[in-house]
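Hydrogens, waters and symmetry mates are skipped; everything else that's a heavy atom, side chains included, is used.
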Amino acid sequence: MSHEMQMEPAIGTRPAFRVLALSRKFRSADCMAEIPKFWSWFYENNHQRTICGRFGICYGAAADGTEFRYAIASPYQEGEPVPEGFEVLTVPAREWAVFPCVGPMPDAIQQMWKFIYSEWLPNSGREKLNDFDIEEYTPGELQSSGYRSYIWIPLKSDRVFEARADYSVRTGELTVPDYIRLFQSAGWEAPPEDQVAAALRNSVAVFSIYAGDTLVGMGRLLGDRSTACFVRDVVILPEYRRHGAGTFLLKAMLDSIRAALPAGWKASCELFAAHGKASFYRNLGFQELPNRFLANGMMRMVEGSRS
């Protein structure tokens, strides 16, 4: 391992920024071999004429960690055209650990990734966020022994939180395409369109949260409108997480339940928390099972048979 790889990273905060990106989905099992092929395809097809390829960005990981999206990207200036097949991503404000890599690509950066996960993270006392991991490439000869690149790791931090004042929640407006887009942004495989349409139609209430005029998240309520309700499909776009959107949405959903119940009635409000999200719901008053009243929750899937 080189001296550079043993160095402590530079740690600091950076405000949110936007990039123009070209992305593909990769499997975690073979990404080390497949991502370099993506870069080769990028250059063979002259996409560097559109974006210079300053960044490689990992995002949109599946809940089980088996898949994620990887984007080749460059800084984006507001108002610039977005070519077909490209997208604009917002990288949120974060505290980053930035690791220097020295050596030819892709070996130097792949060795650094191994060092980060096998040595630095287990011994650093810091917790990594699982939203955006960034590789930064500098001008120069990629196969040079002195070529320099960087890996940015987002860290959990109480010092970085950009709340917004322009959130609003609406009901009954979410479309099937928007549901599928938001659902997939969480790394989940969406149901068929006709099943989504039925789910939206049969929900007690469907909520959409906006930042200004931009749809950034959703949630659904199911139940009997009396004794029990179930919170379902709470999703916030990755670039708006840790900006207060989820809290704003859940409070609006809980307020709607209170407003619908006559004074003196009480209803249970239940949900399944995604991995790593239990503390978010605890902060809003939800209790984990088992507790002194209930054992562990259970679930199973049922496959339809109607022709």
Cation-pi geometry met for Arg24 and Trp41 (6.0 Å, 45°): yes
Rounded distance [0.5 Å steps], CZ in Arg241 versus CZ in Phe280: 11.0 Å
Whether Trp39 and Tyr137 hold their rings parallel, tilted or perpendicular, with breakpoints at 30° and 60°: perpendicular
From CA spacing to verdict: side chain to side chain contact (heavy atoms under 4.5 Å, CB included), Phe55, Val91: CA-CA 12 Å; Phe55 300 116; Val91 179; over 6 Å; no
Test item: Tyr240 and Thr90 side chains (from C-beta on) under 4.5 Å apart, heavy atoms: no
Check: Met32 main-chain N/O paired with Gln110 side-chain donor or acceptor under 3.5 Å: yes
Spacing of OG belonging to Ser149 relative to CG belonging to Leu142, to within rounding of 0.5 Å: 9.0 Å
Cluster check Phe248, Leu182: I/L/V/M/F/W/Y, side chain < 4.5 angstrom: yes
Between CE on residue Met112 and CD1 on residue Ile151, distance to nearest 0.5 Å: 6.0 Å
Test side chain to side chain contact (heavy atoms under 4.5 Å, CB included) applied to Val204 and Cys229, step by step: CA-CA 9 Å; Val204 170; Cys229 57; over 6 Å; no
Side chain to side chain, Val88 and Val19, heavy atoms closer than 4.5 Å: no
Pro9 and Val98, any side-chain heavy atoms less than 4.5 Å apart: no
Separation between OH of Tyr150 and OG1 of Thr138, rounded to the nearest 0.5 Å: 6.5 Å
Shortest non-hydrogen separation from Pro104 to Gln143 and the atoms involved: CB-O, 3.5 Å
Aromatic ring pairing Phe272/Phe230, orientation class (parallel under 30°, perpendicular over 60°, tilted between): perpendicular
Path from Val176 to Leu222 over hydrophobic side-chain contacts below 4.5 Å: no
4.5 Å side-chain heavy-atom contact, Leu254 and Phe286: yes
Full working for side chain to side chain contact (heavy atoms under 4.5 Å, CB included) between Arg94 and Arg14: CA-CA 6 Å; Arg94 287 287 180 266; Arg14 175 167 180 166; over 6 Å; no
Whether Ser28 side chain and Gly65 backbone form a donor-acceptor pair below 3.5 Å: yes
Ser226 and Asp224: CA distance, side-chain angles, deciding distance, side chain to side chain donor-acceptor pair (under 3.5 Å) verdict: CA-CA 5 Å; Ser226 175; Asp224 61 11; 4.8 Å; no
Over 12 non-hydrogen atoms of neighbours within 6.0 angstrom of CD in Gln48: yes
Nearest-0.5 Å distance that lies between atom CG in Leu261 and atom CZ in Arg225: 11.5 Å
Least distance between heavy atoms, Ala108 atom then Cys101 atom: O-CB, 4.3 Å
Thr247 vs Leu284 side-chain heavy atoms within contact, under 4.5 Å: yes
Distance-minimising heavy-atom pair for Met253 and Gly219: CE-C, 3.9 Å
Parallel, tilted or perpendicular, as decided by the 30° and 60° cut-offs, for the rings of Phe183 and Tyr179: parallel
Closest approach of Ala228 to Ala267 (non-hydrogen atoms, all atoms of both residues): N-CB, 4.1 Å
Residue pair Arg181 / Leu215: nearest heavy atoms and the distance that separates them: NH2-CD2, 3.7 Å
Test: Glu95 and Arg126 ion pair at under 4.0 Å: yes
Test log, rule side chain to side chain contact (heavy atoms under 4.5 Å, CB included), inputs His275 and Asp64: CA-CA 9 Å; His275 287 295; Asp64 61 4; over 6 Å; no
Approximate separation, where rounding is to 0.5 Å, of Ile57 CD1 and Tyr70 OH: 8.5 Å
same_hphob_cluster(Ile109, Ile134) at 4.5 Å side-chain heavy-atom cutoff: no
Parallel, tilted or perpendicular: rings of Trp96 and Trp152 (30°, 60°): perpendicular
Nearest atoms (heavy-atom pairs only) where Tyr117 meets Lys128: OH-CE, 3.1 Å
Within-4.5 Å side-chain heavy-atom neighbours: Ile257 and Cys269: yes
Atom CD of Glu193 with >12 non-hydrogen neighbours under 6.0 angstrom: no
Common cluster, Phe42/Phe68, ILVMFWY with side-chain heavy-atom separation under 4.5 Å: yes
